[in-house]
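Just so you know, these numbers come straight off a predicted model, no measurement behind them. Start at 1 and go down the list; that is how both ligands and their atoms are numbered.
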Amino acid sequence: MKTVFIDCSPKKRLSASGFVAAMTGLFVFGSKKMMKLRTKADYDNILKELEDADAVVFTMPLYVDGVPSHVLPFLKKMETWCKNLNPEINVYVIANNGFIEGRQNEPLMQIMENFCIRCGIKWCGGLGIGGGVMMNVMRIMIVVIFALAILNLLLTGIRTGNFLDNGILTNLLKDVAEALFFGCGIITFDIWIATCINRRKEYGKHYTRIMLPSFLFILGADMFFTVVSIIKGGIFRGWFSKKKPDEGGYKEYEKVV
Ligand SMILES: Cc1cc2nc3c(=O)[nH]c(=O)nc-3n(C[C@H](O)[C@H](O)[C@H](O)COP(=O)(O)O)c2cc1C
């Protein structure tokens with residue numbers, strides 16, 4: 001059995017869609033192919049991989065309550081491809097969104113279901129994940145927890161001669177378990193969809209979220225985006241830019257009228 005995962009996030013690195021594709025891949029048996037859908041140049045490679053595939057898993061972010069616009073031309077091309085080749089392929093979708101409620105992905109699921117009906121391929125359902133950005137926070141937290149524990153083990157080892165301090169190892173396990181707790185809904189639903197992919201069964205539509213109370217999520221997301229904006233220059237680029245944000249758009253508008 002061959003499963004093709006299509007990560008539809010336009011991000012080159014650190015996308016939640018890429019992360020969830022890799023995680024689902026851990027639980028799916030048989031041959032697996034991870035593809036990235038960012039530009040037109042990716043279309044042919046993906047369609048080639050789909051020729052002998054039994055299942056395709058689209059992992060994608062929710063954009064403006066729907067499918068990201070750069071994915072739509074690919075879906076159009078795939079529709080023609082399906083009508084020509086009549087493939088027997090099961091389609092699953094794993095969508096993630098910025099707001100905490102996974103149910104926000106419902107319109108996206110309906111779009112993908114309608115797409116499958118038009119193509120004559122089998123819609124097997126999808127998983128919608130709320131607070132997708134926290135998946136990145138979770139994986140960064142796990143890396144930091146491991147890095148700090150290794151540093152701690154080394155320093156304690158140099159000081160005492162014992163490089164496997166039980167206290168540090170127990171704390172490491174506790175911290176990892178706490179980080180995983182926030183993702184327990186996502187992990188459970190993800191294993192479930194992977195089981196359906198393996199058995200070629202329908203999954204239906206299910207929604208989950210990161211296990212954080214909403215007020216804490218908003219605080220965490222604000223902090224995360226502030227740090228990301230500072231690192232990537234977004235905040236300061238905006239503050240010190242001579243050009244006003246709507247200037248370009250207004251000039252284009254003037255040209256038209
Ligand atoms: C242009 C754009 C539109 C978005 N629209 C929505 C939306 O309608 N609802 C929502 O909950 N999140 C929205 N988001 C947030 C993304 O769904 C969220 O950041 C997601 O985790 C990104 O996934 P990725 O890392 O796989 O690209 C939007 C993000 C962008 C950039």
If I apply the N/O under 3.5 Å rule, does A16 come out as touching ligand 1?
yes
Taking only non-hydrogen atoms of S17 and a 4.0 Å limit, the atoms of ligand 1 in range are 24 (P), 26 (O)
Between the SG atom in C82 and the CG atom in L47, the distance rounded to the nearest 0.5 Å is 8.5 Å
Within 4.0 Å of some non-hydrogen atom of Y63, the atoms of ligand 1 are 2 (C), 3 (C), 4 (C), 5 (N), 28 (C), 29 (C), 30 (C), 31 (C)
Atoms of ligand 1 under 4.0 Å from any heavy atom of N96, numbered from 1 in the order shown, are 17 (O), 20 (C), 21 (O), 22 (C), 23 (O), 26 (O)
of all protein heavy atoms, closest to atom 22 (C) of ligand 1 is P61 CB, 3.6 Å
Would G132 count as being in polar contact with ligand 1, using the rule that some N or O on each side must be under 3.5 angstrom apart? no
In ligand 1, the atoms that come under 4.0 Å of a heavy atom of D65 are 7 (C), 8 (O)
The atoms of ligand 1 lying under 4.0 Å from a heavy atom of G98, numbered in the order shown, are 10 (C), 11 (O), 12 (N), 15 (C), 16 (C), 17 (O), 18 (C)
The reported gap from CD in E51 to CG in L85 (rounded to nearest 0.5 angstrom) is 6.5 Å
Do T156 and D165 have side-chain atoms, one donor and one acceptor, less than 3.5 Å apart? no
Note: L62, heavy atoms under 4.0 Å from ligand 1, region reported as both
>> Is the ring pair H206/F189 parallel, tilted or perpendicular, if the boundaries are 30 and 60 degrees?
In response: tilted
Mind checking whether F99 has an N or O less than 3.5 Å away from an N or O of ligand 1? yes
Note: ligand 1 atoms sitting under 4.0 Å from heavy atoms of K11 are 22 (C), 24 (P), 25 (O), 27 (O)
So the side-chain hydrogen bond (donor to acceptor under 3.5 Å, both in side chains) pairs with at least one residue in residues 119-147 (sequence neighbours excluded) are N136-R139
- prompt: Would you say the side-chain atoms of Y92 pair up with the backbone N or O of C196, donor to acceptor, closer than 3.5 Å?
  reply: yes
protein heavy-atom neighbour closest to atom 27 (O) of ligand 1 works out as S9 OG, 2.6 Å
Determine, for K77 against D44, whether the closest basic-nitrogen to carboxylate-oxygen distance falls under 4.0 angstrom. yes
Those residues at least two apart in sequence (or on a different chain) that pass ring-ring contact (aromatic ring centres under 6.0 Å, His included) with F74 are Y43
When only distance counts, is N136 in polar contact with ligand 1, meaning an N/O pair under 3.5 Å?
-> no
Is it true that D42 and K36 make a salt bridge, defined as a side-chain N closer than 4.0 Å to a carboxylate O? no
Under 4.0 Å from one or more heavy atoms of V133, ligand 1 contributes atoms 21 (O)
Taking distance alone, with N or O pairs closer than 3.5 Å, would you say S15 contacts ligand 1?
no
Say whether V64, considering both its backbone and side-chain N or O atoms, lies within less than 3.5 Å of an N or O atom on ligand 1. yes
(message) One pair to check against salt bridge (Lys or Arg N to Asp or Glu O under 4.0 Å): E106 and K205. What are the steps and the verdict?
(response) CA-CA 8 Å; E106 172 63 24; K205 277 186 282 186; 3.0 Å; yes
Geometry only, no angles: is Q104 polar-contacting ligand 1 at N/O separations under 3.5 Å?
no
OH (Y207) and CD (Q104) are apart, to the nearest 0.5 Å, by 11.0 Å
Give yes if a backbone or side-chain nitrogen or oxygen of N97 is under 3.5 Å from a nitrogen or oxygen of ligand 1, and no if not. yes
